[in-house]
Student: 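Right, I'll just put the structure down here and ask away after.
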Number of protein chains: 2
Amino acid sequence: MTRPRGAAARGVFPAVPAVRAATIRDVAKRAGVSVSTVSRVVSGTGYVNADTRRLVEKAIAELGYVPSASARGLVARRTGTLGLCLPDAGPAAHLREPARTGSGVELITDDGTAPGGPAWGSLYFGEVVRGAEFAAWQAGLSVIVAVARPPEAEARARDLAGRVDGLIVVAGTLPDDVVEHVAHRVPVVLVAGPRPAGGYDHVGVDNARGVQVLVEHLVRAHGIRDVRYVAGRAGTPDDIGRFRGFRAAMRALGLPVPAEPALRGDFSRATGRRLARGLLAEHRGGRSPMPGALVCANDETALGFLDVLTAEGFDVPGDVALTGFDGIDGGRTSSPRLTTVEQPMTGLGRLAVDVLRACLADPRLPRQDLLVPVRVLLRESCGTH
Amino acid sequence: MTRPRGAAARGVFPAVPAVRAATIRDVAKRAGVSVSTVSRVVSGTGYVNADTRRLVEKAIAELGYVPSASARGLVARRTGTLGLCLPDAGPAAHLREPARTGSGVELITDDGTAPGGPAWGSLYFGEVVRGAEFAAWQAGLSVIVAVARPPEAEARARDLAGRVDGLIVVAGTLPDDVVEHVAHRVPVVLVAGPRPAGGYDHVGVDNARGVQVLVEHLVRAHGIRDVRYVAGRAGTPDDIGRFRGFRAAMRALGLPVPAEPALRGDFSRATGRRLARGLLAEHRGGRSPMPGALVCANDETALGFLDVLTAEGFDVPGDVALTGFDGIDGGRTSSPRLTTVEQPMTGLGRLAVDVLRACLADPRLPRQDLLVPVRVLLRESCGTH
DNA sequence: TTGTACGCGTTATCAT
DNA sequence: ATGATAACGCGTACAA
């Protein structure tokens, strides 16, 4: 019975006024004890008489009392919450429409291009959330998930910083000056992207080691010697790291180390197709033999190559082995299935939280820059099986 | 220079003490104004002299001041945050291991059964998060994502309730008494599952209409008359709603309305296969003709049927049309691709937030029970194209 | 074992 | 246009 009798007595009906939530004082009064006793019962600290405790617990249950995190956070100077700031990636156009309700059912002939598919799923940010939430849960912390959407991204980020004990920011989601501003208040961990200049913690994916292990596998296990790297968009940290791994592998294998990628795309499937057509034209013009393997900067690029190669009658991996990077679903269902390096997105989220916790526990610790190890998934496109 | 000179003066080195974040008082002092003026500048309310404003803004930037959400929440009696409570579904075993870092790279021969795939993605909860975050963003609210994990789920839920203005709870994630308890403090919206008994808002998927429209399509567009329903686990709200839609369609079409589903599975692919084998045995025993269409309670079940039917040389949809429900990825990549009803998971998240906001704006509003409309995706397995 | 009182950072009210 | 001050709900010393 939290509904104030006053309202009913006054005949206000059927209006149910917003009842103010019970406070620790209400509980104390109802249990006939002081607020400190209630506090002790709730927090489990200090000694409380068993009978008194029961009395208090009864009052708590009856009133549906829940301690205010605002008040707790104010006195404790910590909120017990971490913030996770994600980029606004993915086709969110269909989200912009007003939410629909009611019984209208759309009948859609899906020719494979229907909009509205899961965008987070394919872009993995959901996985970062999952990993971060789990690590935070282990530490008894909550996570606020925030997507940095252009118009008011800065103001929102500042607001978020006021709500949390630490902030995880995916690289490129916020302007540098905003990151610097909020870093005055809470520790910030940057995720992915380039190693940050300032004094921030950073966690990334071990791009280089992933490609290196993959290339060494191609050469050692499959005896391929003419391995070529198909780059992604120039200047991106991912592309740089992956090409570095490629060169490291070639060096370690005693093979010629290229100064530049054999081909350069932009991470897109369409460009992968275009590059593939160019390669085939050269090959058919007799200007160059087909390489033994194409190591692509990402799965989309590799799938673009696969589209063209199989359409043109080439055997993958017989004529040319093909590998990607990311571990997207399309590479699991292609034929042949795509050998790739899996992006450890849950691992990124978890590690970011762990790094943040370390900084929270002791801010004097030196800033960290950690890489999450990857897994190389060997499937048919490289000749495995 | 937020670092207190005192520490350096005392020769404490290299210890960098945790600097207390700047408060509104620090800003006021630095700008030579009162806290009230700073508050006015930050919140944008009231009149502030342009010069004074500049002074304050300068101090804010220099100190990296960010207002405390705890303090704001305390006085405003609202946190500006919503809570989203999700079930602990999905194989999270690999999350239990400690997070790895360093340069160890695993080489895994992926025979299609490798663990560690995206579990949220396939289970859609990531989509609910996405939809909820978006709707909250539109309303200027934050979202705390919390997975209710068994050991301390109740205590965590109560804690969460203390941090938010409203709670979205996916059906079945919390015991009823916990939901009732926290509902004393904040409005609660239940998502999916059965229509709640108590006075909670509820949003669900329009299971019935989805199946109804699908069945009417099968009959009207493809001329199929012998349509049979393959149920999921008995007693589940989804199964009940979908079978209800099936019956409604048959009734509307003037076809015989079955009292019970023709077959009953449990939403799993394995059981779908088993049921399919049973059906084939009956058919080959001459005991029954093949139906014109099998309307399955979900995609997994339908894919189980598809596995067996195609393996046994049946033509789908030629010999028998097949449909599912959910819109999982497997149905988009199967062959033939599976006609299905798409689960509007982002829509669920959005609608839940909108309902919560309505309740927050006026608690006296009657409780709502809304259904998110679905989309029927016509693909080859029902004979489209 | 229990109660009293202060302060956490902010906003709103009132006075200037 | 600006400043002083009283809440907001809770934890925690300290007193009893």
Side-chain angles (χ1 to χ4, degrees), chain A residues 18-56 59-60 63-80 158-159 161-165 184-186, chain B residues 2 18-57 59-60 63-80 158-159 161-165 184-186:
Chain A
V19 282
R20 286 180 38 170
T23 74
I24 198 170
R25 262 193 263 264
D26 300 325
V27 176
K29 191 172 296 176
R30 181 160 194 132
V33 300
S34 73
V35 292
S36 45
T37 301
V38 177
S39 177
R40 279 188 286 266
V41 169
V42 171
S43 65
T45 63
Y47 298 87
V48 180
N49 184 293
D51 292 339
T52 312
R53 173 185 302 275
R54 256 188 296 280
L55 229 52
V56 172
I60 288 176
L63 294 174
Y65 168 70
V66 174
S68 153
S70 294
R72 285 181 152 178
L74 191 55
V75 49
R77 283 217 193 72
R78 33 164 279 136
T79 62
R158 266 189 285 268
D159 179 88
R163 305 177 171 275
V164 300
D165 297 330
H184 280 264
R185 176 175 237 271
V186 292
Chain B
T2 54
V19 282
R20 286 179 38 168
T23 73
I24 197 170
R25 263 193 261 263
D26 299 324
V27 177
K29 191 172 294 179
R30 181 160 195 130
V33 299
S34 72
V35 293
S36 315
T37 302
V38 178
S39 178
R40 278 189 284 264
V41 169
V42 171
S43 65
T45 63
Y47 298 88
V48 180
N49 184 293
D51 292 339
T52 313
R53 174 185 301 276
R54 257 189 296 280
L55 228 53
V56 171
E57 279 165 350
I60 288 177
L63 295 175
Y65 167 71
V66 174
S68 154
S70 294
R72 283 182 154 178
L74 191 55
V75 50
R77 282 213 192 73
R78 31 165 280 135
T79 61
R158 266 189 285 267
D159 179 88
R163 306 175 171 275
V164 300
D165 297 331
H184 282 262
R185 177 174 237 272
V186 293

Student: When the distance from CZ of Arg163(A) to P of dT10(C) is rounded to whole Å, what number comes out?
Tutor: 13 Å

Student: OP1 or OP2 of dA1(D) versus the side-chain N and O atoms of Arg40(B): is any pair under 4.0 Å?
Tutor: no

Student: Using heavy-atom distances to pick each residue's nearest nucleotide on DNA chain D, tell me which of Ala22(A) and Gly32(B) is more 5'.
Tutor: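 The 5'-side residue here is Gly32(B).
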
Student: Does Ser34(B) place a side-chain N or O at less than 4.0 Å from the phosphate oxygens OP1/OP2 of dA4(D)?
Tutor: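 So the side chain of Ser34(B) is outside the cut-off, no N or O lying under 4.0 Å from OP1 or OP2 of dA4(D).
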
Student: Toward the 5' end of DNA chain C, which comes first, Asn49(A) or Ser39(B), by nearest nucleotide?
Tutor: Asn49(A)

Student: Look at the side-chain N and O atoms of Ser43(B) and state whether any lies under 4.0 Å from the OP1 or OP2 oxygen of dT11(C).
Tutor: no

Student: On DNA chain D, compare the nucleotides closest to Leu74(B) and Val35(A); which residue's is nearer the 5' end?
Tutor: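 Whichever sits nearer the 5' end wins; that is Leu74(B).
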
Student: Under 3.5 Å, is there an N or O donor on one side and an acceptor on the other linking the side chain of Ser70(B) and the base of dG9(C)?
Tutor: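 Result: no qualifying N/O pair found.
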
Student: Any side-chain N or O of Arg20(A) below 4.0 angstrom from OP1/OP2 of dG9(D)?
Tutor: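 Checking Arg20(A) against dG9(D): at least one side-chain N or O falls below 4.0 Å of OP1 or OP2.
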
Student: Are Tyr65(A) and dC10(D) close enough that a side-chain N or O sits under 4.0 Å from OP1 or OP2?
Tutor: yes

Student: Any side-chain N or O of Arg72(A) below 4.0 angstrom from OP1/OP2 of dC10(D)?
Tutor: no

Student: What's the shortest heavy-atom distance between Ser68(B) and Ala71(B), and which atoms?
Tutor: OG-N, 3.1 Å

Student: Among dC10(D), dG9(C), dG3(D), which is the nearest nucleotide to the side chain of Ile24(A)?
Tutor: dC10(D)

Student: From the set dG11(D), dC8(D), dG9(C), return the single nucleotide nearest to any side-chain atom of Val75(A).
Tutor: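 So the side chain of Val75(A) is nearest to dG11(D).
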
Student: On a heavy-atom basis, which atom in Ser70(B) and which in Thr79(A) lie closest, and how many Å separate them?
Tutor: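 Ser70(B) and Thr79(A) have their closest heavy atoms at OG-CG2, 3.7 Å.
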
Student: Using whole Å, report how far CG of Asp165(A) lies from P of dG9(C).
Tutor: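 My rounded result for the distance is 14 Å.
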
Student: Where is the tightest heavy-atom contact between Tyr65(B) and Val42(B), given as atom of each residue plus distance?
Tutor: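 Smallest heavy-atom distance, with atoms named: CE2-CG2, 4.0 Å.
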
Student: Considering non-hydrogen atoms only, spot the tightest contact between Val66(A) and Ala161(B) and give its length.
Tutor: CG1-C, 4.0 Å

Student: Would one find a side-chain N or O of Thr52(B) under 4.0 angstrom from OP1 or OP2 of dT2(D)?
Tutor: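 Result: yes.
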
